[in-house]
Structures are given as C-alpha cells and as structure tokens.
Colleague: 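First, the structure itself, so that you have it in front of you.
Chain naming here is simple, since letters A, B, ... match the order of the sequence lines and numbering starts at 1 in each. Small disclaimer: the values here were computed from a predicted structure and weren't measured.
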Amino acid sequence: MILHLLRLAWNRKGANALVIIEIFVAFLVTFAVAALGLFLWDNQRRPLGYQWQNVYAVNLETGDGRAGDDDWSADQVETLRRVLIEAKRLEGVDSTAAVLTVPFEMGGSTRTWENLRMQVNEVTDEFLEVMELELVAGRWFGPEDDGREVEPIVIDRDLARAAFGDADPVGQRLPGEPDEGGHRIVGVVNDFREDGELSSATNYVFERKALNPESRLLRKLVVRAAPEVPPDFEEQLITTLRGVAPGWSFEVRSLEGMRRISRNFRLAPLVLSGVVGLFLLSMVGLGLIGVLWQNVTRRTRELGLRRAVGADRGRIYRQILAELFLVTTTGLLFGLLVVFQLPFLDLLGSVSEKVFAMAVTVSILIMYSLTLLCGLYPSWLATRVAAADALRYE
Amino acid sequence: MIHLENVSKSYRTERIETLALDSINLEVETGEFVAIMGPSGCGKTTLLNLMGLLDTPDQGTLSLDGEAIGKQSDRSLSRLRNRKVGFIFQNFHLVGDLSVVDNVEIPLLYRTLSSRERRELAAEALGRVGLSSRISHLPAQLSGGQQQRVAVARAIVGRPQVLLADEPTGNLDSQMGDEILDLLEELNRDGGTVVMVTHDPRMAERAHRTVRLFDGRQVQ
C-alpha cells in the first residue's frame, strides 16, 4: 500500500506542490522559533554564577566633565574610596565594590586573543563578596596583590575549559596574551554570565582594580544589602553618597529591576516570533484543511471506486492520512535539507548541537501534529463517500 | 449465486419518496450471463448496486453466494465486495494519476498480498484483456475501448465470483463495444457469472437471459 501511495503522491506532485511548499516554509519558521525558545530555555538551566538578589547598582557622575576620561585625579580616587566606605556603613548594607560593568547592563567590554573571545570586567577586591561568586579553584584578588608586577586575573570556568581544557589554569597566562600585558590567572570562579540567565555561556575575565590615580575610571558601584531593607533604602543610599561627594550625582537601580528589563529584552524576540509563527501555522493549518477538503471533494469518484472494490471506511481514512503524511514528509525533507546546512556552514552561533537537535525534533513533531490535526476532518469526510452515489456522478 | 426475494428500495428526500425498486424477485445462477434492460430511471443501476452490496434493500432478502446479506458491518460488506464481486462501469472510473497496472492492482490492495504478488496478478489480468503492452501507460493515453478493458482487468484481477457491469459499452462505439462483450462472454465461458445492465438490445441478445424492468418493477 505504501508503494501505491508513493506512486500516487509522485504522480500528483504538481497538485501537491502547494502543500509541500506551505509545509516547507512553516517548518522553517517553526524551527527558528523552536531553536530560539530552546536556546533560551537551555541557557536558563545553566548556573548564573552570582546572586543578584538584594544587590543595587549605582551609576555615578563626577560632575566635572571628566566622567568619560580614563584617568582620575587623586582627589577623585579618594572620594570614590570614601563613597565605598560610607556606603558600606549605611544600615542594611553588607558590602560594596566598584566595577566597570554591572550585571544585566547589556554592555561591557570584550577582547579576543587567539580566536578566544572573552568578556572583561574590572572590579575591586570586594566584588566576590558583593556578588557572592563561587570560587572553584585558586583564590580571589586581595591586598596581597598590591604592587605586583604581574596583574592578577580571575577567569570563569567557561574560559578555563576553552583555554586550558582539563589542565589547571591557576598560575598560567591566557593563551595569546601580548607579552607586555602581564596578567596571571590566580583563580577560577563558576561560569559567570553577566547578561543574565537567558544569555549564552561566555568566557569571562575579572581584572583587579586598585583605587589609585593611575587607575582607569570605575563609574559604577554594586552594593549588597540585607534581605529586609526599608522601602526608602535607595533614597537613603543616595543621600549618604551625596553627603560624601556633594558634587557628584548618583543613580541607584536594583539588579532585580535590571534583570527584569534584561529578560524582557531577550524574551521579546521569542514572543514576537512566536506570535508570527503561530499566526503562520494557523494560516497553514486552515490552508491545509481547505486543500484537503477540496482534494476529497475532487476525488469523490476515486474514493467511491475504492469503496466499491473493497476498501472499508477505516482504510479510506488511513489512506487520506497516509497521503498527507507523505506530502508532509516531503515538505519536511526539503526543510531539513536547508536546516542541516546551518551546522555545516557553522551558522549555529551560540546554539549548541543539543539545542539544534531538539529544535529539529520539536519542529518535526509540531508539523506532523498540525497536519494530522488538519487531516482529521477531511479524512472523516472521505469515509462518508457512498460508493453508489459517487460512481453515479460524471 | 445471487438471490433476491421481494426486494424493494426507495430513496427519500425531504419532500418526496421515490420507489426505485418494488418487490423484485430474481435468481442468478452460477455461470449465468444475465442482462438487465429497461428505460432510464427504471431501477437498473439500483438493482445492480444492491447485487454488488453497494447499497442495502429497504425490504426483502438478498443473498450472495449463499450468504444472506443483512446488517453486516461496513468492514464485512467491504470484504465481501472485495472477494466476490467485480465491477465494470460505463465511465470506466479509472484513477487518472495511476498507471494501467496500478489501476488494476487497486482491489488487491485490500487483501493480504505482497507487492510482487499484486504485480503478477495485475499483469496476468492485463494479459487476459490483451493490454500487456500498455502496462505503464496512464489511462489518458489509451482509447476508450482500451480503458474499458483496463476496467475489466481490474474487475477480474481478484478472481471474483460475479461480474457486475453497468452499461459497459455505453461510452464506446459499436466495434469497441463488441470487443468488450466478446471479453465478457469469454469470462463467462470460463465459468464467471456476469450480470450486465444495458440499453442496447443487440448487446442483451448475447446474454443467456434478459430481465426487464419498468418503473422499478420486474416485467419479464
């Protein structure tokens, strides 16, 4: 029977072409949405590398028009040091640190050495405590690193795996680093994803910044507060900081709010493409029902003949569904041909092979479910064809 | 082979009821060649549909090959049609998208046969109707007479006990019509039971017996 249906489908390839094209396009769109959704879901499952709860980010402006400069004056450095100390003294604050980039900020600086791309952050020693990073090897920065010729860096596990495989990275330099750089890895922290749970795994480097006039400007602070802080905590914090640096301006945001914005930003394309995908699938579904309905109507005589020569209703039902299955499979094969070019052409980007395989599987299942659903009613209609009536018609 | 006793059949619409057959009593013996004649609308095709289990009588009893046809399931009736009845239609009813041999194979799809067995039986049936050389052609590439011969091959491929032919020469010229009748006679000589509906008295003369209908009643 399968061979018979294959021959029938092949001989009707012209009539089936429209359905095949519809399924092909719908599969590609479904795959894109599924890949995006599964990519985000897979990212969500991975460790974030830090605790964002009860942490506040403070942006500061020095107000002297030098905020964008790389070098600070000694007075400014001293002011910043006092800002950090006073902020920590505020009731409800556990720890404070200065940073170049705050988590969930959706920015930051990157560097590529020997095809090894990494995100770089400059932080003061207290960052480990503020963000509750998990140290998995070596040590974090500390005062013992003051005055060293070789600057200490801490990397995350993603970078350790990418650069050193199973070898111990502590005490080593990053591959490809120019000689004059002079960084030495002193520790490894758990995977750190600055851009939040929905972002892909990134290689990450923390560079130590001591607050001295030679330092580059660190215009952001992170402040860890106790779980229960008063409602006007942010206001109190700004008042305290203004008291220390009257000429500076401060803006406080909770990491919780920044995380929400970051998540929405990353989920928006999924929601948008999901809506477009659903709309397209419903259009394809309606189109399929229409085409199949017409197909059954046009084939009344053939169906009547099959009934006359021995096909019972169940056989007719299964035949129409099997024909639909064949047409769907053809459309999917064309779709798979396109989709499997992605890994071969190295176009998967941050999407892992596992997520790719899952997206392909999910898309195939969705397409078969859709066509099955659309085929049920026309197939049932086909079983209603009475042979005696059908064969009477011209 | 086929036994009808007091068989009646009527068709209903919302407004009217039409009596298509009224108390038909008919016995068709194994190996017989019976022609059914009558004017248009007299119930010839309805009678043939009842004999071929495509329809069920409202009243009376019908049996095929000794088996009483009552309220069998769709599956059971389909199986009986597949095993015991071969149909030939005025309009051939070939599937245009299938080759000649694929068309002939259709009744065998509903049996438990391998693809190879189906092919062999279909080729044999086509050989019997003289179309071995047209096995891969599409119906549209054949003449009307050849198409009807394909339909005959399809009707006999499953070796049914009775062939029901509804105006088998109605769409053919006289020469092709004669060829088809020759074929039916040959099948009948080989032991097949043939029941043929026709308008054409010349064709009916070639049957062993003619049943005449008028307004749903058997008049001869």
Colleague: Counting heavy-atom pairs under 4.5 Å to chain B, which of A:A308, A:G314, A:A387 comes out on top?
Modeller: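 The option with the most such pairs is A:A308.
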Colleague: Determine whether A:L305 and B:F89 satisfy the following criterion, side-chain contact (heavy atoms from CB on, under 4.5 Å), listing intermediate values before the conclusion.
Modeller: CA-CA 10 Å; A:L305 172 83; B:F89 304 97; 3.8 Å; yes
Colleague: More than 12 heavy atoms of other residues, nucleotides or ligands under 6.0 Å from CD of B:Q59: is that the case?
Modeller: no
Colleague: Would you compute the distance between atom CZ of A:R7 and atom CD of B:E105 and round it to the nearest 0.5 angstrom?
Modeller: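 The CZ atom of A:R7 sits 5.5 Å away from the CD atom of B:E105.
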Colleague: Does any backbone or side-chain atom of A:L8 lie under 4.5 Å from a heavy atom of chain B? Answer side chain, backbone, both or neither.
Modeller: both
Colleague: Can you tell me how far the CG atom of B:D102 sits from the CG atom of A:N11, to the nearest 0.5 Å?
Modeller: 7.5 Å
Colleague: Using modelled atom types and a 3.5 Å cut-off, is there a donor and acceptor pairing between side-chain atoms of A:D312 and backbone atoms of B:R75?
Modeller: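 No; judged by distance alone, with no hydrogens or angles, the pair does not exist.
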Colleague: Rounded to the nearest 0.5 Å, what separates atom OG in B:S73 from atom CZ in A:R313?
Modeller: 10.0 Å
Colleague: Taking side chain to side chain contact (heavy atoms under 4.5 Å, CB included) as the criterion, tell me which of B:L109, B:L108, B:I106 meets it with A:V309.
Modeller: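 Of the listed residues B:L109, B:L108, B:I106, the side chain to side chain contact (heavy atoms under 4.5 Å, CB included) partner of A:V309 is B:I106.
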Colleague: Is there side-chain contact between A:H4 and B:L98, with heavy atoms separated by less than 4.5 Å?
Modeller: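 In contact.
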Colleague: Sort A:R299 into side chain, backbone, both or neither according to what part of it lies under 4.5 angstrom from a heavy atom of chain B.
Modeller: neither
Colleague: Compile the donor-acceptor pairs under 3.5 Å between side chains in residues 123-133 of chain B and protein atoms, sequence neighbours left out, one pair per line.
Modeller:
unit_1, atom_1, unit_2, atom_2, d
B:E124, OE1, B:R159, NH2, 3.4
B:E124, OE2, B:R159, NH2, 2.9
B:R128, NH2, B:D190, OD2, 2.4

Colleague: List the atom of B:Y110, the atom of A:G310, and the distance in Å for their closest heavy-atom pair.
Modeller: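 Result for this residue pair: CB-O, 3.9 Å.
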Colleague: Which bit of A:R315 is near chain B, if near means a heavy-atom gap under 4.5 Å: side chain, backbone, both or neither?
Modeller: side chain
Colleague: Does the B:R81 side chain pair with the main chain of A:R307, one donor and one acceptor, at a distance under 3.5 Å?
Modeller: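 Answer holds: yes.
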Colleague: Got more than 12 heavy atoms from elsewhere within 6.0 Å of OH, A:Y317?
Modeller: yes
